[in-house]
Asker: 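Have a look at this one.
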Amino acid sequence: MERIETVERFNEVISQEEPVVAVFKTSWCPDCHFIDPFMPEVEANYAGKVTFVEIDSEKLLDVAQQYHILGIPSFVAFKGGKETIRFVNKLRKTRTEIEQFVDRAIAVSAAI
């Protein structure tokens with residue numbers, strides 16, 4: 001998963017026509033670290049269907065504020081530079097919940 005370091009790169013990546021799932025995290029978030037072990041396999045399972053990117057909400061504060069990221073980890077899907085769907089709550093996210101979100105993101109993207 002590419003770690004996005006600049007606003008310019010973020011805008012470039014989310015502008016593509018393939019669905020993009022941005023995962024907003026921080027280094028100190030225990031729930032963010034909980035998903036780390038299984039995210040590479042989730043990403044591999046959706047190869048060719050979805051691009052995953054990681055954003056440190058503190059390093060790219062402007063992006064986090066622009067998209068009203070208050071809870072982390074937050075999953076926000078984009079297509080063609082526009083937000084399509086998001087998965088945000090205060091609870092720890094499971095692999096199943098993340099995969100269900102990605103499936104919904106793909107369906108919404110196809111419907112647009």
Side-chain angles (χ1 to χ4, degrees):
M1 183 176 329
E2 178 184 354
R3 286 187 176 95
I4 303 294
E5 302 288 335
T6 67
V7 173
E8 294 78 19
R9 178 66 181 145
F10 175 79
N11 289 330
E12 178 184 332
V13 170
I14 68 165
S15 293
Q16 62 190 19
E17 286 304 309
E18 176 180 288
V20 175
V21 172
V23 184
F24 289 84
K25 301 167 70 176
T26 65
S27 60
W28 52 264
C29 164
D31 289 342
C32 299
H33 294 295
F34 174 79
I35 68 171
D36 284 343
F38 60 78
M39 281 307 295
E41 191 172 323
V42 170
E43 184 178 9
N45 289 342
Y46 289 97
K49 297 177 187 173
V50 176
T51 299
F52 289 86
V53 294
E54 182 179 315
I55 294 91
D56 184 316
S57 296
E58 291 179 324
K59 290 182 181 176
L60 286 182
L61 188 57
D62 291 345
V63 172
Q65 288 177 338
Q66 178 182 355
Y67 289 98
H68 308 287
I69 304 300
L70 302 174
I72 48 173
S74 289
F75 293 77
V76 182
F78 296 90
K79 179 181 179 178
K82 295 182 180 166
E83 180 180 336
T84 58
I85 189 172
R86 63 173 53 206
F87 178 32
V88 180
N89 62 35
K90 64 181 181 177
L91 305 174
R92 178 172 277 180
K93 289 145 185 76
T94 66
R95 179 180 179 154
T96 300
E97 291 172 324
I98 293 167
E99 289 171 339
Q100 289 171 346
F101 165 74
V102 176
D103 290 338
R104 285 192 310 273
I106 291 168
V108 168
S109 179
I112 295 176

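Here the structure is a predicted model, which is why all the values come from computation and not from measurement.
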Asker: Can you name the one residue among I35, I55, V53, I98 that meets side chain to side chain contact (heavy atoms under 4.5 Å, CB included) with V23?
Answerer: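 When side chain to side chain contact (heavy atoms under 4.5 Å, CB included) is applied between V23 and each of I35, I55, V53, I98, only I35 qualifies.
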
Asker: List for me each residue that meets salt bridge (charged side-chain N to carboxylate O under 4.0 Å, His left out) alongside E2, sequence neighbours excluded, and say none if there are none.
Answerer: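 Testing E2 for salt bridge (charged side-chain N to carboxylate O under 4.0 Å, His left out), a comparison that skips the adjacent residues, returns R9.
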
Asker: Please collect all salt bridge (Lys or Arg N to Asp or Glu O under 4.0 Å) contacts where either partner lies in residues 19-30, sequence neighbours excluded, each pair once.
Answerer: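 Qualifying pairs: K25-D36, K25-E54.
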
Asker: Quick one: side chains of residues 100-107, donor-acceptor pairs under 3.5 Å with protein atoms, not counting sequence neighbours, listed by atom name and distance.
Answerer:
residue, atom, partner, partner atom, Å
D103, OD1, Y46, OH, 2.7

Asker: Please determine whether residues V7 and L61 belong to a single hydrophobic cluster, defined as Ile, Leu, Val, Met, Phe, Trp and Tyr linked transitively by side-chain heavy-atom distances below 4.5 Å.
Answerer: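 In one cluster: no.
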
Asker: Go through the structure and list residues passing salt bridge (charged side-chain N to carboxylate O under 4.0 Å, His left out) with E97, not counting sequence neighbours.
Answerer: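 Result, salt bridge (charged side-chain N to carboxylate O under 4.0 Å, His left out) vs E97: none returned.
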
Asker: Following the transitive rule for hydrophobic clusters with a side-chain heavy-atom cut-off under 4.5 Å over Ile, Leu, Val, Met, Phe, Trp and Tyr, establish whether M1 and V20 coincide in one cluster.
Answerer: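 In one cluster with M1: V20, no.
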
Asker: Please collect all salt bridge (Lys or Arg N to Asp or Glu O under 4.0 Å) contacts where either partner lies in residues 61-78, sequence neighbours excluded, each pair once.
Answerer: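 Not a single pair qualifies under salt bridge (Lys or Arg N to Asp or Glu O under 4.0 Å).
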
Asker: Under the 3.5 angstrom rule, does the side chain of R86 hit a backbone N or O of Y67 as a donor-acceptor pair?
Answerer: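 Judged by distance alone, yes, a pair lies under 3.5 Å.
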
Asker: M39 and F24: same hydrophobic cluster, using ILVMFWY side-chain contacts below 4.5 Å?
Answerer: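 Different clusters.
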
Asker: Do I112 and T84 have side chains that approach each other closer than 4.5 Å (heavy atoms only, starting at C-beta)?
Answerer: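 Side-chain contact under 4.5 Å: yes.
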
Asker: Show me the donor-acceptor pairs, under 3.5 Å and distance only, between side chains in residues 68-82 and residues at least two apart or in other chains.
Answerer:
residue, atom, partner, partner atom, Å
S74, OG, G71, O, 2.3
K79, NZ, S109, O, 2.9

Asker: Do you know which two heavy atoms are closest between T26 and D56, and how far apart they sit?
Answerer: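 Closest heavy-atom pair between T26 and D56: CA-OD1, 4.2 Å.
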
Asker: Test of understanding: with side chain to side chain donor-acceptor pair (under 3.5 Å), list the residues that count as partners of Q65, not counting sequence neighbours.
Answerer: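 Per chain and number, Q65 pairs via side chain to side chain donor-acceptor pair (under 3.5 Å) with no residue.
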
Asker: Could you list the residues that satisfy side chain to side chain donor-acceptor pair (under 3.5 Å) with Q66, not counting sequence neighbours?
Answerer: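 For Q66, no residue satisfies side chain to side chain donor-acceptor pair (under 3.5 Å) once neighbours in sequence are set aside.
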
Asker: Where is the tightest heavy-atom contact between P37 and H33, given as atom of each residue plus distance?
Answerer: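 Heavy-atom minimum between the residues: CD-O, 3.4 Å.
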
Asker: So if you build clusters from Ile, Leu, Val, Met, Phe, Trp, Tyr with side-chain heavy-atom gaps below 4.5 Å, do L60 and I14 land together?
Answerer: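 Linked within one cluster.
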
Asker: In chain order, what residues pass the salt bridge (charged side-chain N to carboxylate O under 4.0 Å, His left out) check against E18, with sequence neighbours excluded?
Answerer: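 Salt bridge (charged side-chain N to carboxylate O under 4.0 Å, His left out) check on E18 returns nothing, list empty.
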
Asker: Please round to the nearest 0.5 Å and tell me the distance separating atom OG1 of T96 and atom NZ of K93.
Answerer: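 These two atoms lie 14.5 Å from each other.
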
Asker: With sequence neighbours left out, write down each residue that passes side chain to side chain donor-acceptor pair (under 3.5 Å) with E99, or none if nothing qualifies.
Answerer: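 R95.
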
Asker: Side chain to side chain contact (heavy atoms under 4.5 Å, CB included) with F34: which residues, sequence neighbours excluded?
Answerer: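 Per chain and number, F34 pairs via side chain to side chain contact (heavy atoms under 4.5 Å, CB included) with F38, R92.
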
Asker: I need the S15 OG to F10 CZ distance, nearest 0.5 Å.
Answerer: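 Result: 9.0 Å between the selected atoms.
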
Asker: Cluster question for you: counting only ILVMFWY and a side-chain heavy-atom cut-off of under 4.5 Å, with indirect links fine, are V42 and I85 together?
Answerer: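 They do share one cluster, since a chain of ILVMFWY contacts under 4.5 Å joins V42 to I85.
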
Asker: Report the residues that fulfil salt bridge (charged side-chain N to carboxylate O under 4.0 Å, His left out) with E17, sequence neighbours left out, ordered by chain and then residue number.
Answerer: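 Scan of E17 (salt bridge (charged side-chain N to carboxylate O under 4.0 Å, His left out), adjacent residues dropped) gives none.
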
